Amino acid sequence: MEKQWQQVAEHLKATLDQAKYDAWIEPVRIALDGNQLHITAPGRFFLDGLKRDCGAPLRQAVDLMLGTQVVIDYHVDDSIQAHAAAETVRVQAAAAPTGKVDGNIDPRFTFANFVVGSSNEFVFAASQAVAEKPGENYNPLYVHGGVGLGKTHLIHAIANTLIEANQYTIAYRTGERFTNELIESIRTRTTQDFRERYRQVDVLIIDDVQFIEGKTSTQEEFFHTFNALHEVHKQIILVSDRNPHNMAHLEERLRSRFNWGLVADIQPPNLETRLAILHCKAELAGIDLDNDVGYLLASRISNNVRELEGALTRLNAYAHLTRKEISLDMAKHVLREQLRVVDRVVDVDDIQKKVADYYAIQLKEMKSSRRSRNVSFPRQVAMFLCKELTRKSLPEIGEAFGGRDHTTILYACRKIDEMRKSDAEFNDEVERLMRSIRPESM
Ligand code: ADP
Ligand code: MG
């Protein structure tokens, strides 16, 4: 046993820096019992530090020298004296900056540059908490939301805060790059290196993790990396375009792990927040933006911040090229394509007319109280489309259908929704109708 541990210790000496080795590994008591390696630390505080600073390399050394089947059991015995010398080295080690970052972090994506509104305040607070005390609060932190809503910005802000603290090893990867690196390492038979690289970090950030969905070997590898890091309280941050529940081809055991920590979503910002973001971006880029131009953009480009930013950039480029000041007219001209999509307002009358035509019933049947199926069904389709394509509330829609109760509208929406799911042909029919009502946006 002495000899076996010696090999582990040698490996650790080679991989850790001397100060860390002396501080954390030297003082512990070791016992190997079959497949159990007992590590006894002189105190709870010490044990936490040991796990934090050396947990991952220790696991790795054990995997390599004793085999992955060996389980590490940590214990505390207050009667062991951590030697004083080690303690001083530890303090010195803690004072020396040891921060490292592997991966491209955009320094412009900071918390200070992130505009907080009701759509993102929760996930913003969670991100700050994680940045302050990685590994302690929410682990993993799983952020999800639609395209261009600031997910990447937020996790880069966490990374930038950690970089500033200068005491963490950070790895940032997209799901795609993680997968490619793994494939490459399998091809070149360097999976061991691949593994070690990720298991030495304090913070692992995977952006667009949905990319690993359905990729069996990547999921498998990620699962083990996840466990190795999580076990020793290293922070894991994941970003996805969807909720773990909606990752259809995600292995169940990964899904459950994603839910261990905090799952937080980011919603499209409301008008007020969009305006604030726009002005923030304008200021950062040194662009003079009038309130009315800002309002035009923010009110018309509503569900993707990246597009909003893109519109501003185009406008600014145009102003530079033509050597003119940005104005409302210029904005309307330059962004006409982008603004046109949302320009055409669909109203209830349009929908009722189109649907009545489609099913060859009279328009007035939309508002009548007749209940025979040949009129009630088209009416329900129209109600559903009003809910989908206009911003009217249920009571307002009810009003437009001859003063019906909002529960009737709700019932119709649910029914049509169900039918679309179970009947592909009907679903096509509904989509055709949608396109005919709102051709530009589909
Ligand atoms: P996602 O990763 O969700 O697709 P990004 O983080 O790449 O989106 O954001 C797209 C752009 O929108 C970035 O330039 C980002 O800075 C900006 N952005 C999104 N939300 C905000 C916000 N709340 N405050 C400031 N900028 C934002
Ligand atoms: Mg992103």
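We count ligands from 1, going down the list as the structure has it; atoms in each ligand are counted the same way. This one's a predicted model, so the numbers in the text were calculated from it and none came from an experiment.
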Out of H144, Q210, E213, which one pairs with R242 under the side-chain hydrogen bond (donor to acceptor under 3.5 Å, both in side chains) rule? E213
Among all protein heavy atoms, pick out the one at the shortest distance from atom 2 (O) of ligand 1; state its residue, atom name and that distance to 0.1 Å. T152 OG1, 2.8 Å
Starting from atom 6 (O) of ligand 1, find the nearest protein heavy-atom neighbour and note its residue, name and distance. H153 N, 2.8 Å
Atoms in ligand 1 with a heavy atom of N120 nearer than 4.0 Å: 23 (N)
Which of the ligand 1 atoms, numbered from 1, are nearer than 4.0 Å to a heavy atom of G150: 1 (P), 3 (O), 5 (P), 6 (O), 8 (O), 9 (O), 19 (C), 20 (N)
Decide whether the shortest distance between a heavy atom of G146 and an atom of ligand 1 is less than 4.0 Å. yes
Could you tell me whether F211 and F178 have their ring centroids closer than 6.0 angstrom? no
Out of E121, R108, K151, K281, whose heavy atom sits nearest atom 3 (O) of ligand 1? K151
Tell me if a side-chain donor or acceptor on N137 pairs with a main-chain N or O of A129 at a distance below 3.5 Å. yes
Find all atoms of ligand 1 within a distance of less than 4.0 Å from any non-hydrogen atom belonging to L149, and give their numbers and elements. 1 (P), 3 (O), 8 (O), 19 (C), 20 (N)
Among all protein heavy atoms, pick out the one at the shortest distance from atom 25 (C) of ligand 1; state its residue, atom name and that distance to 0.1 Å. N113 O, 3.4 Å
Would you name the heavy atoms of V115 and C280 that are closest together and state the gap between them? CG2-CB, 3.8 Å
Between F377 and F426, is the ring centre distance below 6.0 Å? yes
Quick one: does G148 get within less than 4.0 Å of ligand 1, heavy atoms only? yes
Atom 13 (C) of ligand 1 sits nearest the protein heavy atom E309 OE1, 3.4 Å
Going by distance only, is there an N or O of I277 that falls short of 3.5 Å from an N or O of ligand 1? no
Between E251 and R255, does a salt bridge (Lys or Arg N to Asp or Glu O under 4.0 Å) hold up when you go through it step by step? CA-CA 6 Å; E251 261 190 78; R255 191 195 318 277; over 6 Å; no
F111 ring center within less than 6.0 Å of F124 ring center: yes
